> 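Below are the structure tokens for one structure; questions will follow.
Below, read A as the first sequence line, B as the second, and so on, with proteins coming before strands; counting in each chain starts at 1. Nothing here was measured: the structure is a model prediction, and the numbers come from that model. Just the heavy atoms: all of them, side chains too, but no hydrogens, waters or symmetry mates, feed the values below.
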2 protein chains.
Amino acid sequence: MTDPKDVLGGVALWRRIADAIRLDIIGGKLASGDRLPTEAVLAERFSANRHTVRRALAVLADEGVVGAEQGRGTFVRSAKRLSYPIGKRTRFSENLAGQAQTLTSRHLSDRLENASAAVAQALGLKAGAKVVRVEGLSSADGRPLSRATTWLDYRKFPDFAARVVALHSTTAVFASYGIDDYVRASTRISARHADAEETQLLGLSAGAILLVSEAIDARLDGSPISYALSRFPAERMELVV
Amino acid sequence: MTDPKDVLGGVALWRRIADAIRLDIIGGKLASGDRLPTEAVLAERFSANRHTVRRALAVLADEGVVGAEQGRGTFVRSAKRLSYPIGKRTRFSENLAGQAQTLTSRHLSDRLENASAAVAQALGLKAGAKVVRVEGLSSADGRPLSRATTWLDYRKFPDFAARVVALHSTTAVFASYGIDDYVRASTRISARHADAEETQLLGLSAGAILLVSEAIDARLDGSPISYALSRFPAERMELVV
DNA sequence: ACTAGTTGTCTAGTTCATTAGACAAATCGA
DNA sequence: TCGATTTGTCTAATGAACTAGACAACTAGT
């Protein structure tokens with residue numbers, strides 16, 4: 001599109017409406033049990049046709065966020081996004097304790113590879129150095145919460161993947177290497193659309209937005225331990241610093 | 001859409017392709033001056049038609065990220081996203097110093113209003129209490145970087161808006177109230193699509209993704225000073241904790 | 001000069017997104 | 001019971017998004 005003004009920007013109206021309403025619910029403007037404005041009112045608010053609003057509501061109903069009742073209205077069903085705290089000591093399971101009943105971490109795959117420039121820099125290695133790469137997926141109450149890729153120095157953690165499978169907890173694995181304490185050295189946060197694989201694994205509708213966190217965990221003396229790239233569905237999670 | 005599988009998810013293919021390529025460039029997989037894969041190769045990689053890839057590349061060319069040269073290929077022109085550090089002491093102008101030549105903050109509007117539940121809670125007030133609301137827009141090197149809404153207790157900062165207009169810097173305005181030092185009490189980060197107003201003010205193409213930060217600044221004793229809701233274009237900024 | 005590889009442009013057809021209007025079906029209060 | 005309000009379903013028309021194929025224009029190496 002060089003000359004024609006692309007006002008639509010490639011994101012369908014119904015999706016933007018769905019996102020906006022979901023945000024009102026998650027953000028607390030609409031509480032669980034509240035009745036939404038009528039379809040006609042929403043249509044006017046978003047300058048859209050009632051059918052377009054209905055499509056947005058249908059998506060939210062599919063997600064379980066709202067439910068329509070003929071003759072009565074459309075009501076908020078679920079609510080609340082989980083909060084993921086980021087601080088000096090960031091531990092996955094402790095962080096979300098109390099916000100969900102069951103927390104599971106699934107190991108997807110692992111392999112050896114040569115560090116890319118970004119990975120090498122994060123871990124303080126030379127580009128091309130051997131690193132362990134681990135792919136994982138975490139869920140709370142059966143809903144996927146994060147898709148993470150972790151890299152570690154192969155020389156220091158040669159069998160990291162095997163220990164993750166055996167011990168399940170990252171903290172426990174580090175402890176098994178004699179690392180009793182470690183801290184978050186840096187976290188960089190960005191956002192983008194999910195790709196096809198992420199969409200599928202995280203159980204999202206295509207085009208969903210991800211919060212992307214690039215984190216480096218380090219020993220107390222500052223030497224880097226691991227570099228993790230985690231992707232959180234923005235509709236289910238927020239990060240708290 | 002209740003039964004039919006909506007694989008498209010309301011985000012156009014050309015936009016997802018553009019986002020993916022932009023991410024490769026920003027993330028460092030493609031450096032400035034590098035040649036992109038040919039349109040045919042990209043089309044195959046994204047399982048799309050060559051025309052669809054061309055549309056994505058046209059958007060990126062419009063943004064100045066890439067440039068096509070007939071017969072030769074398409075090349076990376078610009079790069080790099082700005083980093084916005086978030087920590088105990090978060091000061092807008094200091095944070096971005098060194099990453100851009102000129103930094104400007106524009107005052108858009110201000111008004112008195114009654115605190116919503118969220119604002120009241122953040123500022124430690126009762127819902128409905130009088131608060132000052134200030135709308136602003138910050139830019140670096142002429143490109144808009146953040147759209148911020150700030151709320152403050154009216155009883156403590158009755159003429160905050162006027163002082164912002166006069167002094168330009170938030171830090172200076174706080175100092176004029178006798179607050180020489182203040183810290184970031186909490187920051188919550190989420191992400192969503194930009195709405196129409198944000199798209200226009202930030203100079204984005206519609207459907208762009210925003211990083212949303214809700215920040216509470218407080219005195220050293222912990223009493224809240226201000227509640228700020230800032231929106232950053234995810235394609236231009238990342239947040240660093 | 002030729003050739004292979006690459007971007008630029010055109011036409012055509014299919015599916016998706018959005019609008020428009022009409023009416024049915026359910027709910028609720030008067 | 002009636003009438004107003006609200007969600008559910010159907011048909012139809014328009015424009016955007018995507019695919020498909022063909023060929024022109026330009027570049028670089030032989």
Side-chain angles (χ1 to χ4, degrees), chain A residues 1-21 30 33-62 65-77 193 196 205-207, chain B residues 1-21 30 33-62 65-77 193 196 205-207:
Chain A
M1 297 284 94
T2 15
D3 6 31
K5 58 240 79 227
D6 58 327
V7 186
L8 285 162
V11 181
L13 226 201
W14 62 262
R15 168 166 267 280
R16 279 183 281 170
I17 293 173
D19 288 349
I21 295 174
L30 290 166
D34 281 4
R35 210 188 80 169
L36 296 180
T38 68
E39 295 172 349
V41 170
L42 288 171
E44 191 176 9
R45 173 182 307 173
F46 292 107
S47 306
N49 191 272
R50 189 181 145 226
H51 293 292
T52 308
V53 169
R54 281 179 62 71
R55 179 155 186 191
L57 291 173
V59 169
L60 294 176
D62 243 28
V65 175
V66 304
E69 295 177 29
Q70 187 170 136
R72 297 191 61 219
T74 306
F75 299 83
V76 177
R77 290 246 185 285
H193 283 121
S205 50
Chain B
M1 298 284 92
T2 12
D3 6 31
K5 59 241 71 201
D6 56 327
V7 186
L8 283 162
V11 180
L13 226 201
W14 61 263
R15 166 165 269 281
R16 279 184 280 168
I17 294 173
D19 288 350
I21 295 174
L30 291 166
D34 280 5
R35 210 189 81 169
L36 297 180
T38 68
E39 293 171 351
V41 171
L42 289 171
E44 191 177 10
R45 172 183 308 173
F46 292 107
S47 306
N49 191 273
R50 188 181 145 225
H51 293 291
T52 308
V53 169
R54 282 180 60 72
R55 178 156 186 189
L57 291 174
V59 169
L60 295 176
D62 244 27
V65 175
V66 304
E69 296 176 28
Q70 187 170 117
R72 299 193 60 219
T74 305
F75 299 82
V76 177
R77 290 244 186 285
H193 283 122
S205 49

> Working to the nearest 0.5 Å, report the span between OG1 of A:Thr38 and CD of A:Glu44.
9.5 Å

> In whole angstrom, give the distance that lies between atom CD of B:Glu69 and atom C1' of C:dG5.
15 Å

> What nucleotide among D:dT7, C:dT7, D:dA17 has an atom nearest to a side-chain atom of B:Thr38?
C:dT7

> Quick check on C:dT19: is either OP1 or OP2 less than 4.0 Å from any side-chain nitrogen or oxygen of A:Thr52?
yes

> Mind listing the closest non-hydrogen atom pair of A:Thr74 and A:Ala68 along with its distance?
OG1-CB, 3.8 Å

> Using whole Å, report how far CD of A:Glu39 lies from C1' of C:dT19.
15 Å

> What is the distance from CZ of B:Arg54 to C1' of D:dC23, rounded to the nearest Å?
13 Å

> Whole Å only: how far is the CH2 atom of B:Trp14 from the C1' atom of C:dC16?
15 Å

> Could you run down the sub-3.5 Å N/O contacts of the protein with nucleotides 28-30 of chain D?
from	atom 1	to	atom 2	distance (Å)
D:dA28	OP1	B:Arg72	NE	3.0

> Mind checking if B:Ala48 touches a base, just sugar-phosphate, or nothing, with heavy atoms under 4.0 Å?
sugar-phosphate

> I need the CG-P distance between B:Leu57 and C:dT6, as an integer number of Å.
14 Å

> With distance as the sole test, does A:Arg16 use its side chain to make a donor-acceptor pair with the main-chain N or O of A:Val11 at under 3.5 Å?
yes

> Go through D:dG8, D:dA17, C:dG8 for me and flag the one nearest to the B:Ala68 side chain.
C:dG8

> In whole angstrom, give the distance that lies between atom CG of B:Leu13 and atom P of C:dA17.
12 Å

> Could you tell me, to 10°, how much the axis swings from one end of the helix from C:dA1-D:dT30 to C:dA30-D:dT1 to the other, five pairs per end?
30°

> Roughly, in whole Å, what's the span from CZ in A:Arg16 to P in C:dA17?
13 Å

> Quick one: B:Arg35 CZ to D:dT27 C1', roughly how many Å, whole number?
11 Å

> Could you pull out all residues at least two apart from A:Arg35 that satisfy side-chain hydrogen bond (donor to acceptor under 3.5 Å, both in side chains)?
none

> What pairs with B:Glu69 under salt bridge (charged side-chain N to carboxylate O under 4.0 Å, His left out), at least two apart in sequence or on another chain?
B:Arg72, B:Arg77

> Applying salt bridge (charged side-chain N to carboxylate O under 4.0 Å, His left out), name anything that partners A:Arg45, two or more places apart in sequence or on another chain.
none

> Would you give the length of the straight line joining atom CG of A:Leu42 to atom OG1 of A:Thr52, rounded to the nearest 0.5 angstrom?
12.0 Å

> Within this structure, what is the CZ-CD1 distance for the pair A:Phe46 and A:Ile21, rounded to the nearest 0.5 Å?
5.0 Å

> Scan nucleotides 20-24 of chain C against the protein and return all N/O pairs shorter than 3.5 Å with their distances rounded to 0.1 Å.
from	atom 1	to	atom 2	distance (Å)
C:dA20	N6	A:His51	NE2	3.0
C:dG21	O6	A:His51	NE2	2.4

> How far apart are the closest heavy atoms of A:Leu13 and A:Ala48, and which atoms are they?
CD1-CB, 3.6 Å

> When you look at A:Leu57 and A:Leu36, which way does the side chain to side chain contact (heavy atoms under 4.5 Å, CB included) test go after all the steps?
CA-CA 10 Å; A:Leu57 291 173; A:Leu36 296 180; 3.8 Å; yes

> NA contact type, A:Arg15, heavy-atom cut-off 4.0 Å: base, sugar-phosphate, or nothing?
nothing

> What heavy-atom pair brings B:Val59 and B:Trp14 nearest, and what distance separates the two atoms?
CG2-CZ3, 3.6 Å

> If I compare all heavy atoms of A:Ala43 with all of A:Asn49, which pair ends up nearest, and what's the gap?
CB-C, 4.0 Å

> Please state whether the phosphate of D:dT7, meaning OP1 or OP2, lies under 4.0 angstrom from any side-chain nitrogen or oxygen of A:Thr74.
yes

